[in-house]
Undergrad: 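Before we start, here is the structure in question, set down as structure tokens.
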Amino acid sequence: MIKQEILDTYEATIGIECHVQLKTKTKLFSGADNDARDKAPNTVVSPVDFGFPGVLPVLNEAAVVLAIRAGIALNSEVATLSRFDRKHYFYPDLPKGYQITQLHEPIIGAGLIDAPLPSGGSVKVRIHHAHLEEDAGKLTHPAGADYSLVDLNRAGTPLIEIVSEADMHTPEEAKAYAQELYLLMTYAGVTNGDLYHGNMRFDVNISVAKKGADKWGTRAEIKNLNSFRSVEKAAEYEFKRQIAVLEAGQQVVQETRGWNDAKLETFSQRSKEDAQDYRYFPDADIPPVHISQEEIDEVRSHMPLLPPVYRAAWAELGLDSSVVGALLASQQNAALIYDLQQTAGASTARRVAYWFASAIDTKPDSDTTEVLQAGAIPPTSFIELAAMVEKNELSSTAAKDVFNEMLRSQEAPRAIAERKNLIQENDEAAIIAIVEAVLADPTSQKALADIKKGNEKAIGFLVGQVMKQSKGKAHPGIAQKLLKERMEHETSN
């Protein structure tokens, strides 16, 4: 166990490569189905994916359009000319012996992401580039067997690999970047974002060095992380592991490491290859990709609103950062709050925003969030519910009850409130009669005496009695006001 004072003398330098599966119908270079989830091994493949001799790849135009969308979301320059290369390595999961990717002229250039931090502020992470490439298949190694199994269902799956600069220095920053990248790619419609099925996979490159050192340490790469929590925990573990190696007088080895999520530990897999080990050269079967500026502008004109736009708009609402995060967990809910802000005003939008945030169950230290969606409920229903609270027809507690029921049943808010007998009585003439009865009740005399002695907190007892006699229907604020007025009148007489 390394002491904290030693850890504090070191700094991590972190960069992340993220593989994003594009949500096209077919693969990058073949007509095979792009959805390999729960499919029998080797059933969503084509001769191109098998690498049969004589077959030629045909670039999927839809993948290019999604790459343009990704570039816009990354605040990057989209290249009007890009080319494909062959990355050679010999594993059974790529039968043709090379992966089609982009090295020298990628489709997406430099960009920038500003990722908010839970502790406040943000981390600005530069994007070096992002490129299109095909995925490899999957190798399975049965325990105790002397053979491996090959499933080529994922071979040829369209990906963009987003490569960041090493601008992160803490596990918190790495996690925040991964989360923001996820939001950008899903909001832009680039990917389905199913982390469980590997729609986004993160490779974390991390090195450590003494604070103030003039060069970085030797880096290790932790491969194939598929959750924000694992990105953070892997960075935490690797930071401490490398410091322990250095403090023991040894050298950190450049290598690829895996992640054991059960033990929360990284483990060595293989020595890290450099670019020359892959023998890249241009792919002669795929012509250069030419994209006009008009085509890029056309894609840009159909882009949906992205998280930074929502955050900027919601600044006037004064929402807590946790509420903003909860709203952004659902693109539909975020759009609803934004529209309410434009049409019904800031007060209504803020009230509905907090209802949505309170209805979302986020488990601590987890990526699992149960998000209740607005569904087919019209915005007018949310406006009506907010108006009922504004008119004192519903208490804040009752309004949350109606809101949650409305999300589940899609019933009108007033109908729910009436069915559940939640409508408050806010007619002062009706409430004053209950106030008079409470003040005349013998059980209220002690509270009255306490109030006359200066203990104003005792009025809470009287308000409770009014609520009890009205069966919870009296508006408590009005009841308290009428009680004070009645007692002040008695005192003055």
Undergrad: I'd like to know if Glu172 pairs up with Lys175 as an ion pair, taking the criterion as any Lys NZ or Arg NE/NH1/NH2 lying under 4.0 Å from an Asp or Glu carboxylate oxygen.
TA: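 The answer is no: the pair does not qualify as a salt bridge.
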Undergrad: Has Gln341 got a side-chain atom pairing as donor or acceptor with Ala313's backbone, closer than 3.5 angstrom?
TA: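 It does hold such a pair.
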Undergrad: side-chain hydrogen bond (donor to acceptor under 3.5 Å, both in side chains): which pairs involve residues 60-71, sequence neighbours left out?
TA: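 Applying side-chain hydrogen bond (donor to acceptor under 3.5 Å, both in side chains) to every pair that reaches into residues 60-71, excluding sequence neighbours, yields Thr26-Asn60.
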Undergrad: Any sub-3.5 Å donor-acceptor pair from Asp33's side-chain atoms to Val44's backbone N or O?
TA: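 Judged by distance alone, no pair lies under 3.5 Å.
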Undergrad: State the CD1-CD distance between Ile416 and Glu418, to the nearest 0.5 angstrom.
TA: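 These two atoms lie 11.0 Å from each other.
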Undergrad: What verdict does the side chain to side chain contact (heavy atoms under 4.5 Å, CB included) test give for Thr186 and Thr191, after you've listed the backbone C-alpha separation in whole Å, the side-chain angles of each residue and the deciding distance to 0.1 Å?
TA: CA-CA 6 Å; Thr186 53; Thr191 181; 4.2 Å; yes
Undergrad: Go through Asp135 and Arg201 one step at a time and tell me if the side chain to side chain contact (heavy atoms under 4.5 Å, CB included) criterion holds.
TA: CA-CA 12 Å; Asp135 203 356; Arg201 306 193 305 273; 3.5 Å; yes
Undergrad: If we ignore hydrogens and angles and just use 3.5 Å, is the side chain of Glu17 paired with the main-chain N or O of Asp203 as donor and acceptor?
TA: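 No, the answer is negative, given that no donor and acceptor are paired below the 3.5 Å cut-off.
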Undergrad: Between Asn34 and Thr24, does any side-chain donor sit less than 3.5 Å from a side-chain acceptor?
TA: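 Present: a donor and an acceptor within the cut-off.
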Undergrad: Is there a donor-acceptor contact under 3.5 Å from the side chain of Asn199 to the main chain of Asp194?
TA: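 Yes; at least one donor-acceptor contact below 3.5 Å.
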Undergrad: Can you list everything that forms a salt bridge (charged side-chain N to carboxylate O under 4.0 Å, His left out) with Asp339? Sequence neighbours excluded, please.
TA: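 So Asp339 forms no salt bridge (charged side-chain N to carboxylate O under 4.0 Å, His left out) with any residue.
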Undergrad: Mind checking whether Phe382 and Phe403 have parallel, tilted or perpendicular rings, split at 30° and 60°?
TA: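 Tilted.
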Undergrad: Would you say the side chains of His128 and Glu165 form a donor-acceptor pair under 3.5 Å?
TA: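 There is no such pair (donor and acceptor under 3.5 Å, judged by atom type) between the side chains of His128 and Glu165.
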Undergrad: Counting N and O atoms only, with roles assigned by atom type, does the side chain of Asn42 sit under 3.5 Å from a partner on the main chain of Leu152, one being a donor and the other an acceptor?
TA: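 Judged by distance alone, yes, a pair lies under 3.5 Å.
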Undergrad: Output yes when a side-chain donor or acceptor of Ser82 lies under 3.5 Å from a complementary backbone atom of Ala79, and no otherwise.
TA: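 Judged by distance alone, no pair lies under 3.5 Å.
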Undergrad: Around atom NZ of Lys124, are there more than 12 heavy atoms of other residues, nucleotides or ligands at under 6.0 Å?
TA: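 No, NZ of Lys124 has 12 or fewer neighbouring heavy atoms, counting only those of other groups under 6.0 Å.
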Undergrad: Mind checking whether Leu149 and Lys138 have side chains closer than 4.5 Å, heavy atoms only?
TA: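 Heavy-atom side-chain distance check fails, nothing below 4.5 Å.
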Undergrad: Say whether Glu265 and Asn260, considering side chains only, have a donor N or O and an acceptor N or O under 3.5 Å apart.
TA: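 Note: Glu265 and Asn260 side chains miss the donor-acceptor criterion.
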Undergrad: Whether Asp93 and Arg154 form a salt bridge (side-chain N of Lys/Arg under 4.0 Å from carboxylate O of Asp/Glu) is what I want to check.
TA: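 Not counted as a salt bridge, because no side-chain N and carboxylate O are separated by less than 4.0 Å.
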Undergrad: Go through the steps to decide whether Leu336 and Phe356 satisfy the test side chain to side chain contact (heavy atoms under 4.5 Å, CB included), and finish with yes or no.
TA: CA-CA 11 Å; Leu336 171 68; Phe356 268 109; 3.5 Å; yes
Undergrad: What I'd like to find out is whether the side chain of Ile113 reaches to under 4.5 Å of the side chain of Leu181, using heavy atoms alone.
TA: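 They are in contact (side-chain heavy atoms under 4.5 Å apart), so the answer is yes.
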Undergrad: Might you point out which heavy atoms bring Met168 and Gly15 nearest each other, and give the distance in Å?
TA: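 Shortest heavy-atom contact: CE-CA, 4.0 Å.
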Undergrad: Got a salt bridge between Arg311 and Asp114, using NZ or NE/NH1/NH2 to carboxylate O under 4.0 Å?
TA: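 Result for this pair is no, no salt bridge flagged.
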Undergrad: Looking at Glu405, is its backbone amide N or carbonyl O close enough to the side chain of Glu411 to form a donor-acceptor pair, meaning the two atoms are under 3.5 Å apart?
TA: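 Checking the backbone N and O of Glu405 against the side chain of Glu411, no donor-acceptor pair under 3.5 Å is found.
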Undergrad: Can you give me the closest heavy-atom contact between Arg350 and Gly318, atom names plus distance?
TA: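 Closest approach of Arg350 to Gly318, heavy atoms only: NH2-O, 3.7 Å.
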Undergrad: Any donor-acceptor pair under 3.5 Å linking the side chain of Tyr182 with the backbone of Gly193?
TA: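 Yes; judged by distance alone, with no hydrogens or angles, the pair exists.
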Undergrad: For the residue pair Ser381 and Pro413, what are the closest heavy atoms and their distance?
TA: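 In terms of heavy atoms, the two residues are closest at O-CG, 3.5 Å.
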Undergrad: Between Met406 and Ile377, is the side chain to side chain contact (heavy atoms under 4.5 Å, CB included) condition met? List the steps.
TA: CA-CA 8 Å; Met406 188 170 68; Ile377 302 171; 4.1 Å; yes
